[in-house]
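First up is the structure itself, then whatever we jot down about it.
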2 protein chains.
Amino acid sequence: MGMSSLTEEQVIEALGQAGYRITQSRRAVIRVLLEDNGFASPSELWERAVEYYPGIGLVTVYRTLDLLSRLGFVRRIHTDEGCHGRASTRLGHRHHLICRQCGAAVEFEGCDLSIFLARVSGETGYLVEEHMLELIGLCPECR
Amino acid sequence: MGMSSLTEEQVIEALGQAGYRITQSRRAVIRVLLEDNGFASPSELWERAVEYYPGIGLVTVYRTLDLLSRLGFVRRIHTDEGCHGRASTRLGHRHHLICRQCGAAVEFEGCDLSIFLARVSGETGYLVEEHMLELIGLCPECR
DNA sequence: GTACTTGCAAATAATTTGCAAATAT
DNA sequence: ATATTTGCAAATTATTTGCAAGTAC
């Protein structure tokens, strides 16, 4: 959806800005997240991060994912089976579109649900503050 | 959203139709799910199911939840923290609206996303087959 | 009576925590 | 030099499985 992709340097930059140190482990996790066009579990990410920084431990992957989540660069992917997959994300309000066959994940933005949300709000009396939307389907290759 | 609520008998009926046996354990889990107006983890449900059927084991709660999920009477609730909560649901395509304060969960249906989905489909080349939408906010009491 | 279900204990899997050693600044 | 970060091992938590005993039909 016409998005310039996020670069490693942008994430590193933000880490520094926020006062965190730039370590080899963190670089490895960031690199793996960004080079992936789908989503992966912490241990899958770890297996791949080892190639960039052999000494890295699984625990550090967990900790780095938490950190990047807090900074808004990582998001959980929720599927029927679970919510353990993580994908990189650009900042802001975005959603993922996931291929059920190959797992390819594409981000999209600009979901205009306002009319629908207003209706739900009116009918339930809830104040709707956030929403989580994920689309599942087949990517162009898998169709 | 103007829905007649699901009753224990309806679920029991469906279980029987599908060839499963009606046991005390299953009744207890169903009752607990239905009397709850929010969502709960398997172990929370278990703690409460014990009051209806003291001998019930946690494993049986897991198995019953799986069974009811397959039949479409239970759905996972996905929050930022995880996807372990389960809530009862009526059959069909529905979504949950959850109070971030007290956890109250309301179901709604009739999400009209077709125009939006067509747009995403066109822009990405994906065939969009399903979607998962969950709304988070404040219920009338917690506002 | 028979096949389905259950509870228990044990196995597996996922995640978190304490802490001394390593490292980024 | 110093505070942050790391890896390891261990603790915790969540979920699944094998199997003999129990139960619905």
Side-chain angles (χ1 to χ4, degrees), chain A residues 8-9 11-32 39-71 74-86, chain B residues 8-9 11-32 39-71 74-86:
Chain A
E8 182 176 339
E9 279 315 313
V11 180
I12 292 293
E13 171 75 15
L15 268 187
Q17 293 286 322
Y20 295 102
R21 297 188 176 173
I22 314 305
T23 65
Q24 308 213 58
S25 305
R26 286 173 178 168
R27 273 191 189 275
V29 173
I30 293 166
R31 194 165 299 171
V32 161
F39 61 100
S41 66
S43 53
E44 288 166 343
L45 293 167
W46 175 56
E47 284 174 13
R48 290 165 42 212
V50 165
E51 291 168 25
Y52 290 114
Y53 181 51
I56 192 172
L58 175 57
V59 178
T60 299
V61 174
Y62 272 99
R63 289 192 274 225
T64 304
L65 288 172
D66 283 351
L67 174 58
L68 294 174
S69 290
R70 265 179 278 128
L71 295 178
V74 161
R75 189 160 290 169
R76 278 174 185 260
I77 298 296
H78 296 259
T79 64
D80 275 345
E81 291 81 47
C83 58
H84 305 291
R86 311 296 209 286
Chain B
E8 183 175 337
E9 278 316 313
V11 181
I12 292 293
E13 171 76 17
L15 268 186
Q17 293 286 321
Y20 295 103
R21 297 189 175 171
I22 313 304
T23 65
Q24 308 213 59
S25 305
R26 286 174 176 166
R27 272 191 190 276
V29 173
I30 292 166
R31 194 165 301 172
V32 161
F39 60 98
S41 67
S43 51
E44 287 165 343
L45 293 167
W46 175 55
E47 285 173 13
R48 289 165 41 210
V50 165
E51 291 167 24
Y52 290 113
Y53 181 52
I56 192 172
L58 175 59
V59 178
T60 299
V61 174
Y62 272 98
R63 288 191 275 226
T64 304
L65 288 172
D66 284 350
L67 174 58
L68 294 175
S69 290
R70 266 179 278 128
L71 295 178
V74 161
R75 189 159 290 169
R76 278 176 185 259
I77 298 296
H78 297 259
T79 64
D80 274 344
E81 293 81 48
C83 58
H84 306 290
R86 311 296 209 286

Measure the distance from [atom1] on [X] to [atom2] on [N] and round it to the nearest whole Å.
X	N	atom1	atom2	result
A/Leu67	C/dT16	CG	P	14 Å
A/Leu58	C/dT17	CG	P	15 Å
B/Ile22	D/dG22	CD1	C1'	17 Å
B/Trp46	D/dT13	CH2	P	14 Å
A/Ile56	C/dT23	CD1	C1'	14 Å
A/Tyr20	D/dT6	OH	P	12 Å
B/Leu65	C/dT6	CG	P	12 Å
A/Arg27	D/dT5	CZ	P	15 Å

Consider the side chain of [X], meaning its heavy atoms from C-beta on, and name the nucleotide among [options] that approaches it most closely.
X	options	value
A/Val59	C/dT17, D/dA14, C/dT5	C/dT17
B/His84	D/dA14, C/dT25, D/dT6	D/dA14
B/Arg63	C/dT15, D/dC19, D/dC8	D/dC19
A/Arg26	C/dT16, C/dG7, D/dT5	D/dT5
A/Tyr62	D/dG7, C/dT15, D/dT15	C/dT15
B/Arg21	C/dT15, D/dT23, D/dT6	D/dT23

Would one find a side-chain N or O of B/Ser43 under 4.0 angstrom from OP1 or OP2 of D/dT13?
-> no
Phosphate OP1/OP2 of C/dT5 contacted by B/Thr23 side-chain N/O (<4.0 Å) = no
Would a distance-only check, ignoring hydrogens and angles, find a side-chain to backbone donor-acceptor pair under 3.5 Å from A/Arg26 to A/Arg21?
-> yes
Is there a donor-acceptor pair under 3.5 Å between the side chain of A/Trp46 and the backbone N or O of A/Thr60?
-> no
Residue whose nearest DNA chain D nucleotide is more 5′ - B/Asp66 or A/Val61 = A/Val61
Could you check if a side-chain atom of A/Leu67 sits within less than 4.5 angstrom of a side-chain atom of A/Leu15, using non-hydrogen atoms only?
-> yes
Beyond-backbone contact of A/Thr23 with A/Thr64, side-chain heavy atoms, under 4.5 angstrom | no
With B/Val29, the side chain to side chain contact (heavy atoms under 4.5 Å, CB included) member among B/Ile56, B/Leu45, B/Val11 | B/Ile56
